[in-house]
Every structure is written in C-alpha cells, then in structure tokens.
Amino acid sequence: MAILRPEDISSSRRILEALGESVDEIKGYCCGQPAYNSGYRKEAQSVSRKMLRVTRPYETVVVPSGSCTSMVRTGIPKIFAGPRGLSITERTKAFFDFGEFVHSHPRLRELNFELTGTIAYHDSCHGRRELGITSKLIDLLEHINGLKLRRLPHEEECCGFGGAFTVKQPEVSVEIARTKLGEITETGAQILVSEDLSCLTHLQATAEGDGRKLETWTIAELLDRALNE
Amino acid sequence: MSNFRTRAKLKIGHQSKPAATLKPIVRNVVRDSRLMLAERPANAKLRAQEARKYTLNHLEELHSQLRESCKKNEITYHRTTSSEEACALISEIIGQRQRIAKSKSMVAEEIGLTNYLRKQNKEVFETDIGEYIVDIEGQGPSHVTAPAIHLDRHRIQNLLNQAGLNVPDNSPLTLSHAVRNTVSDFFQNVDVGITGANAVIASSGRIMIVENEGNVALGLSNPPIHIAVTGIEKVVQNEQAALDIAQVLAPSATAQPLTAYTHFVDTPSKNQERHLVFVDAGRTDILKDDRYREILLCIRCGACMNACPVYTAANGLSYGSPYMGPIGAVLSPLLWPESFSDLPDASSLCGRCSEVCPVGIPLHDMLLNLRADSAAKQAGKKLTEKIVWLSWSFIFSKPRLSQGFAWLTKKILRLFKNLRKQTPLDPRRMPRTKRSRDAEMLIPLFEKESIPSKKQTSNQPSSLLEQFRVQATEVGFKIENEATTHLEKCLVLKATGAIAATGSVVFVEKDPFLKKLMEASDVTIMLDKETIVEFPSDAENLIRANGNALIMTGASRTADIEKKIVRGIHGPQNISVIVK
C-alpha cells in the first residue's frame with residue numbers, strides 16, 4: 001500500500017527513530033493479500049514467501065497498514081501447510097502493526113505529541129476483528145495533547161473497500177462508503193484518521209467524487225504531524 | 001444472465017435504496033441481539049455450537065435412531081436425496097387433497113415446493129404474514145427470518161390491496177391484522193399443513209418448531225395431515241441439544257428471549273397423520289468436505305445477514321438465491337455450483353458475519369476458500385484474471401520491478417486523475433498520492449459532544465421467581481397471585497414449569513391441547529413456583545415427559561412489517577399466570 005502514499009513511510013520512520021529504534025525500509029515487497037483475497041493462493045504464496053525471506057534478518061517488522069499486518073498474522077499461516085507452515089506461523093509473530101507497536105513501546109511516554117484540532121476515527125475491520133487492536137489505537141491517539149477525537153456511532157461497520165470487492169462490486173462498495181461518509185460528516189470533523197490506508201483511500205476517493213470535503217490521514221501521518229522535537 | 005452485481009446495481013440505483021429501509025432495522029436487531037445473548041448463560045453460544053457439531057459428527061447414527069423414535073411416535077419418516085424427489089414425495093402424500101396451509105420453511109423455498117404444488121393446481125396458502133406479503137410480490141423472501149424486510153409499509157399496503165385485502169391505512173397493526181384475518185379464514189377449512197422444522201430430536205422423535213404468530217400451531221392442530229420438511233442436518237441428539245439451540249436462536253434472529261411458541265411435536269392426534277420429510281440435496285457431499293462442512297452447523301437465524309454491510313446495501317433479493325447474505329454467499333454455490341459462482345465475491349470480507357454467528361461458522365474463511373476454488377476451477381473462463389495475477393506475482397517478486405511499477409502507477413494516477421469515468425453509482429476519483437497541507441481542516445465544522453458508547457446493563461433481579469415475574473410481564477403475560485377473572489370463562493391450564501430468564505411457561509400435554517389453546521381467547525395458567533428454572537437450557541426435565549411440549553413466551557405476535565411488534569395474531573391474547 002505504501003505505493004499510494006510514500007510519505008507515510010517517512011512518517012513511520014520518523015516516529016520509530018524518535019522511539020530510539022534503528023530502521024531499515026523494506027521496499028517493493030508485498031504480503032500477498034490482493035491475490036489471496038481474490039482466490040489466487042499460489043500467486044499469494046510466491047509473493048509472500050519472498051517478503052518473508054527478505055525480512056528474516058530483522059528482529060521486528062513494523063507494518064504501516066492494518067490489513068497488511070492482518071494478512072501476515074492471519075492469512076499467511078493459512079496458505080502454508082505442513083511443518084513449513086508452523087515455522088512460518090512462528091515467524092509471523094515478529095510482525096507488528098505500526099500503531100500497535102508504537103503503543104506498546106516502552107519509550108512512548110518520553111515523546112511529546114501535540115496537535116490542536118479535531119479528527120474522526122475510522123476503525124478498520126482487520127484491526128478490529130482480526131488483530132483486536134482497537135483499544136490500543138484509541139489509547140495511542142489519546143496521547144496527543146490538544147487533539148479531539150470523534151468516534152463514529154457505528155464504528156464496527158465496514159467502509160466498503162474490501163480489496164478485490166471494490167473492483168468486482170463497485171456500486172455496492174460505494175454505497176457502503178456513502179453511509180460511512182454520512183456519519184463522518186455528522187461528527188463535524190473534516191479529517192479522518194485510520195490505521196488502514198486502504199479504507200482511507202476508498203473513502204477519500206468516494207468523498208471527492210461526491211464533492212464532500214474530507215482529508216484522510218493514517219495514524220503514522222497524524223503522529224508525524226503531532227510530534228514535537 | 002443477470003448476476004449479483006447487475007441485480008444489486010438496479011436496487012441501489014432505485015429511488016428507494018435498500019439501505020434506507022434495512023439499515024435502521026438491522027442495526028437495532030444486531031445491537032439488541034448482543035444485549036439479549038449477554039443475558040444467557042456465559043457458554044450459551046458454545047453449547048449451541050457443541051449441539052450442532054455433535055450432529056455433524058454422528059449424522060447417520062442419529063438418523064437411524066430417529067427412524068425408530070418416529071415409529072414409536074407414529075410419525076412417518078421420509079428421506080429424499082434431491083429437491084425433485086422431495087417435491088414429488090410431498091405431492092404424493094397430499095394426493096387428491098386441495099387446500100394446503102404452508103408456514104415458513106427455508107427448505108421449502110430451497111426445493112421450490114410452493115411452485116411445484118401450484119403447478120399441480122393445488123391451493124397453497126402462505127400463512128406466515130411476511131411470506132404472505134412476499135408471495136404477492138412474487139420474488140421470494142429477502143431474509144431467512146424476516147421475509148418482507150425489504151418492503152416498507154407503503155409498498156406492503158399496495159401489495160395487499162393488489163391482492164384484494166382493501167386495507168384502510170398502512171400502520172403495521174392494520175396491515176398485520178388484515179393478513180391475519182385472511183389467514184384465519186383459510187384455516188377454517190384446510191386439508192394439509194406444511195411446516196419447516198428447527199430441530200428434530202433423535203432420542204424422542206419430537207420435532208422442534210419455533211414461531212411467533214401462531215400459524216404453525218394452527219397448521220399443526222387443524223388439518224388432518226401435517227408435513228414437516230427440513231434438511232437432513234437438522235436432526236439433533238436429544239432435548240437438551242434442541243434447547244441449547246433454541247436458547248440462542250431467537251436472541252440471534254430477532255432479539256427476543258424466545259419466540260412466542262416453541263413447539264415440541266410428537267404423536268399426531270386421532271384421525272391425523274404426521275410426516276417428516278428430510279431433504280439431502282447435496283448436503284452429504286458438503287459434509288465430506290472439511291473446508292465447508294461446518295456450514296451445516298447453521299441454524300438459519302439470519303444474524304449474519306443483519307450484520308452484513310453488503311446485504312444491507314444491496315438487500316436479500318440481489319443474491320437471486322433462496323439463501324441470501326453471508327450464509328447464502330457460501331451455501332448457494334455449494335448447493336448449486338452452476339448458478340451462484342459469483343456470490344462469494346459479494347463480500348468485503350469484513351468478518352462481522354463470523355463474529356455474530358451464534359454457532360461459530362467461519363463464514364469469511366469459507367468465502368475465501370470458495371474464491372480460491374473458483375479461481376482454480378474456472379481457469380478457462382477467467383483467463384484475463386489469471387493473467388493479471390500471474391503478472392502481479394511476477395512484478396511483486398522483484399523489488400526493482402515493483403518499485404518501477406509503483407512509480408508508473410503514481411504517474412498514471414496523477415495524469416488521469418480527472419479522466420476516470422464517473423457514474424452516479426460510482427463517482428470515485430483516482431486516489432491522491434500527495435499530502436494536502438491544508439491545516440484549516442483540523443478545525444471542525446461544528447462543535448459536538450462525542451457520542452457516549454457504553455450502554456447500561458440492567459440490574460438482574462435476585463430470585464428466580466422475581467426474575468420470572470419481570471420477564472414474563474415484559475413478554476406480555478399478566479402475573480397474578482389470585483384469580484381475578486372468573487375461571488369458568490377462560491381456559492385453565494396447569495403449567496409443567498417456567499423459565500425465569502425468558503419469562504416462558506412450559507406445558508407437556510396430550511393432544512388436542514394445542515387445538516384447545518388456539519381456540520381460546522382468555523387463558524389462565526397455574527404455575528407452581530418451585531418448578532421455575534433459570535435458562536431454556538435448564539428446562540430439559542420440564543419437557544421430558546411424553547406428549548406434545550410447548551414453551552410459551554407471551555402471546556402471539558409478529559414483527560414482519562418494518563420490525564414493528566404487533567401483538568394479537570393467532571391464538572389466545574389475554575394470558576394470566578397465577579403463581580403459587
């Protein structure tokens with residue numbers, strides 16, 4: 001997903017370095033989710049295998065998008081069978097969602113985040129139901145001084161993106177997004193923050209098509225803008 | 001040929017969008033279901049799941065046991081392998097008889113029973129209010145438990161007038177009562193009653209059927225022939241298993257503690273025949289496939305569709321199958337591989353269906369497996385798709401290539417930003433790749449207090465009797481310490497026991513108990529307070545005795561029109577309980 005917003009990578013990097021981590025960027029590899037969700041498992045396997053190989057030397061791999069993390073943690077173990085699958089499942093435990101990693105970092109309290117303004121928060125289905133990190137992400141956002149957080153009344157509902165779904169069923173996909181956008185507008189916030197870039201891209205594209213004013217930031221971008229050094 | 005996408009597009013493009021009718025309703029049901037299930041024993045879902053799993057692991061064993069139990073109960077057991085065979089058999093049982101009262105049954109929808117019988121010039125009357133309405137519309141039910149949920153009151157009024165009912169206004173009360181009256185008239189003279197079954201108990205040969213309106217009770221007690229039609233997977237081990245299922249079924253389906261009537265039907269009365277027709281139609285094959293066998297755990301509560309964003313946006317008719325929503329997207333292609341191979345794509349994989357399923361079916365994993373099957377099986381038909389994914393995996397295996405690809409994609413996105421063809425149903429612009437620097441956006445359009453998210457949980461009353469009083473009053477029983485009405489004017493019944501958490505009273509009686517009950521308007525129930533149990537799953541001893549058992553949870557009601565509860569459908573309406 002980093003293809004779409006390369007600036008997110010530098011945001012994530014800045015935060016991780018501020019926490020004292022030494023960071024290498026792994027570019028050009030993919031977790032395999034698009035093919036996996038479309039039913040092309042061999043293709044997903046061959047792509048994810050390469051990603052796993054190149055990340056092997058690292059103690060921890062931080063993934064800046066919720067659905068990619070979810071693919072690594074819950075999807076990849078399902079497509080590799082046998083004893084190989086077991087060792088791969090073990091390895092996937094080294095992968096962390098960016099927000100989750102930052103939230104659990106021992107040095108988080110040493111950083112000073114401040115940003116005056118109001119944002120709405122979109123909880124991604126992958127983060128919520130597969131990774132179960134909603135409360136951690138909310139807690140992380142509450143670290144930012146001056147920021148007012150508006151949660152959506154039906155936070156548990158999907159934005160309508162769904163990867164292959166948005167391509168195969170564009171009308172239903174947009175219809176679902178419009179419901180979500182209506183609720184975002186009702187909060188009064190003009191900026192929507194989420195851990196998942198794919199949800200944000202879909203919502204932003206629909207908002208622009210409908211002439212709604214909306215900015216979408218990932219948590220990495222928000223933290224980057226809020227970090228005082 | 002039309003597919004999900006074209007059908008959904010039509011519905012969404014229509015001036016009255018499905019979501020406008022469905023969204024407010026299903027959101028409430030999902031929320032209330034969660035609260036209702038929280039008042040069940042902590043392991044209620046697990047118990048239901050275990051009961052269903054036992055069935056899948058002992059299916060044939062249970063069926064042989066059931067055959068014996070049915071003999072003892074004088075119920076004729078039939079097992080059919082295909083829809084055609086099932087329809088032909090039922091038609092043979094009916095013979096020359098003409099007037100057929102049918103209640104809700106998903107398997108009857110699946111095998112096309114109503115149409116089959118009508119082609120043979122039988123008079124088939126849909127006696128469930130929702131089914132009656134969608135029968136006029138002619139497109140079938142749009143939900144497994146709320147058939148007419150896609151229709152608002154205006155459209156229902158039009159349909160009823162079209163059928164000659166001449167309803168003066170469109171309040172759910174008027175509409176429901178108008179259908180009730182025509183259904184009651186039909187029951188005055190009826191030859192055959194056809195029902196579904198929610199569980200069939202192998203150890204005792206009883207058929208469990210849940211309902212709210214009382215039309216099933218009429219169909220069980222009035223006609224000389226009763227036929228129950230259901231899938232082979234609906235057999236369960238014993239009464240306990242059936243209760244464990246009932247305990248989560250009504251809360252998941254309609255956020256009720258239990259439905260108004262939970263029947264446990266056994267021996268038919270004198271001059272009555274009872275037939276039990278099982279339909280296989282592909283189920284034994286599904287059972288053999290480890291990836292999909294758990295779809296047969298399903299108890300048809302419809303919770304998955306209530307929670308599904310795709311179902312809510314497109315409505316159940318868009319699926320084009322008797323089974324809709326997530327369960328339909330999995331089950332339809334398994335039952336009819338030729339017709340519904342596009343349904344697994346009708347999901348955003350948000351995972352909410354798996355989350356709400358009371359028997360723990362991993363629906364979204366199954367959708368993924370079906371997509372993989374379809375990619376493998378239809379390689380010829382999906383050549384372009386195959387090429388796309390092959391090239392994709394080639395590009396993303398080489399970082400330089402994928403970065404080049406990324407660079408190119410960005411350029412293209414920027415170049416064609418305004419060139420994407422926009423339609424009213426898909427006006428999306430190409431995604432932006434540069435950040436905006438508009439700091440003004442941090443200022444909200446208006447100030448608003450954030451929405452409180454937590455709901456208060458109710459305080460649990462202490463004793464079982466107290467709890468029963470509260471719940472029973474809530475479902476519409478009048479609780480009295482002494483008889484206030486003249487007992488000779490009403491039907492007096494002695495309850496076998498009661499269930500505190502749901503406010504239900506339990507009866508085990510010999511026929512024609514049900515007939516007498518349905519003909520009464522005022523009923524007084526004598527209840528011994530020592531016989532109250534806490535949860536439905538604790539009621540096994542209460543229903544164990546021989547005879548037809550009934551768990552009654554309030555008077556009959558319907559919520560088939562916009563999910564507004566209308567009381568007073570069939571059977572007694574003034575029900576007092578005297579607790580001693």
Side-chain angles (χ1 to χ4, degrees), chain A residues 3-5 7 27-30 34-41 43-44 46-47 50 78 115-119 125 129-130 148-151 153-154 156-158 160-165 168-176 179 187-191 201 204-206 208-210 213 215 221, chain B residues 4-5 8-9 12-13 17 19 23 27 309-310 313-314 345-352 355 365 368 371-376 385 389-390 392-393 396-400 402-403 406 409-410 422 425-433 435-436 438 441-448 450-451 453:
Chain A
I3 292 171
L4 285 173
R5 296 200 196 171
E7 285 166 295
K27 282 185 183 162
Y29 291 89
C30 175
Y36 176 66
N37 278 359
S38 305
Y40 289 82
R41 298 210 171 155
E43 288 76 5
S46 83
V47 164
K50 297 211 168 64
K78 283 179 194 152
L115 191 67
T116 308
T118 302
I119 59 148
C125 296
R129 277 181 278 272
E130 295 202 319
K148 276 191 193 147
L149 182 63
R150 302 264 162 91
R151 295 180 68 172
H154 301 282
E156 67 289 350
E157 287 179 9
C158 171
F161 176 67
F165 173 73
K168 292 197 169 177
Q169 310 288 350
E171 296 82 12
V172 182
S173 179
V174 165
E175 175 73 2
I176 300 171
T179 303
T187 67
Q190 305 185 77
I191 291 170
T201 308
Q204 173 116 50
T206 309
E208 280 181 29
D210 280 350
K213 216 174 163 207
E215 282 291 308
E221 176 171 357
Chain B
F4 178 85
R5 184 178 169 192
K9 218 168 132 176
I12 295 169
K17 286 168 176 278
K23 197 114 233 173
R27 274 180 176 164
V310 178
D345 289 330
S347 164
S348 68
L349 299 175
C350 78
R352 223 176 152 211
E355 184 183 60
D365 284 341
L368 277 165
R371 289 183 187 184
D373 287 358
S374 157
E385 226 181 87
W389 289 113
L390 270 176
W392 175 86
S393 83
F396 281 87
S397 298
K398 317 234 171 343
R400 295 208 148 202
S402 64
Q403 282 178 283
T409 310
K410 265 194 336 196
Q422 291 174 295
L425 296 186
D426 184 4
R428 285 174 294 180
R429 296 275 186 186
M430 286 293 189
R432 260 191 271 159
T433 56
R435 272 181 191 174
S436 134
D438 188 358
M441 297 286 279
L442 273 162
I443 303 163
L445 291 171
F446 48 85
E447 279 304 327
K448 199 180 165 187
S450 64
I451 300 127
S453 59

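Protein chains get the first letters and strands the later ones, always in sequence-line order, with residue 1 at the start of each.
- For the pair A:Phe165 and B:Asp345, the tightest heavy-atom approach, listed with the atom from each and the gap, is CD1-O, 3.4 Å.
- Here the CD-OG distance, from A:Glu157 to B:Ser348, works out to 11.0 Å after rounding to the nearest 0.5 Å.
- For the set B:Ile12, B:Leu349, B:Asp426, the count of heavy-atom pairs under 4.5 angstrom toward chain A peaks at B:Ile12.
- Put simply, the side chain of A:Glu171 never gets that close to the backbone of B:Arg5: no donor and acceptor are under 3.5 Å apart.
- Only the side chain of B:Arg27 comes within contact range of chain A, with at least one heavy atom under 4.5 Å from a heavy atom of that chain.
- Contact annotation for A:Gln204: only side-chain heavy atoms (C-beta onward) come within less than 4.5 Å of a heavy atom of chain B.
- For the pair B:Arg429 and A:Gly209, the tightest heavy-atom approach, listed with the atom from each and the gap, is CG-N, 3.9 Å.
- Of the atoms belonging to A:Ser173, it is side-chain heavy atoms, and not backbone ones, that fall under 4.5 Å from chain B.
- When all heavy atoms are compared, the tightest approach of B:Ala375 to A:Gly39 is CB-O, 3.5 Å.
- Scored by the side chain to side chain contact (heavy atoms under 4.5 Å, CB included) test, A:Ala205 finds B:Arg428 as partners (sequence neighbours excluded).
- The contact between A:Glu130 and chain B is made entirely by side chain atoms (from C-beta outward), counting heavy-atom distances below 4.5 Å.
- Heavy-atom distances place both the backbone and the side chain of B:Leu368 under 4.5 Å from chain A.
- With respect to chain B, the highest number of heavy-atom pairs below 4.5 Å among A:Thr179, A:Thr116, A:Thr118 belongs to A:Thr118.
- Residues A:Glu175 and B:Ala19 come closest through the heavy atom pair OE2-CB, 4.0 Å.
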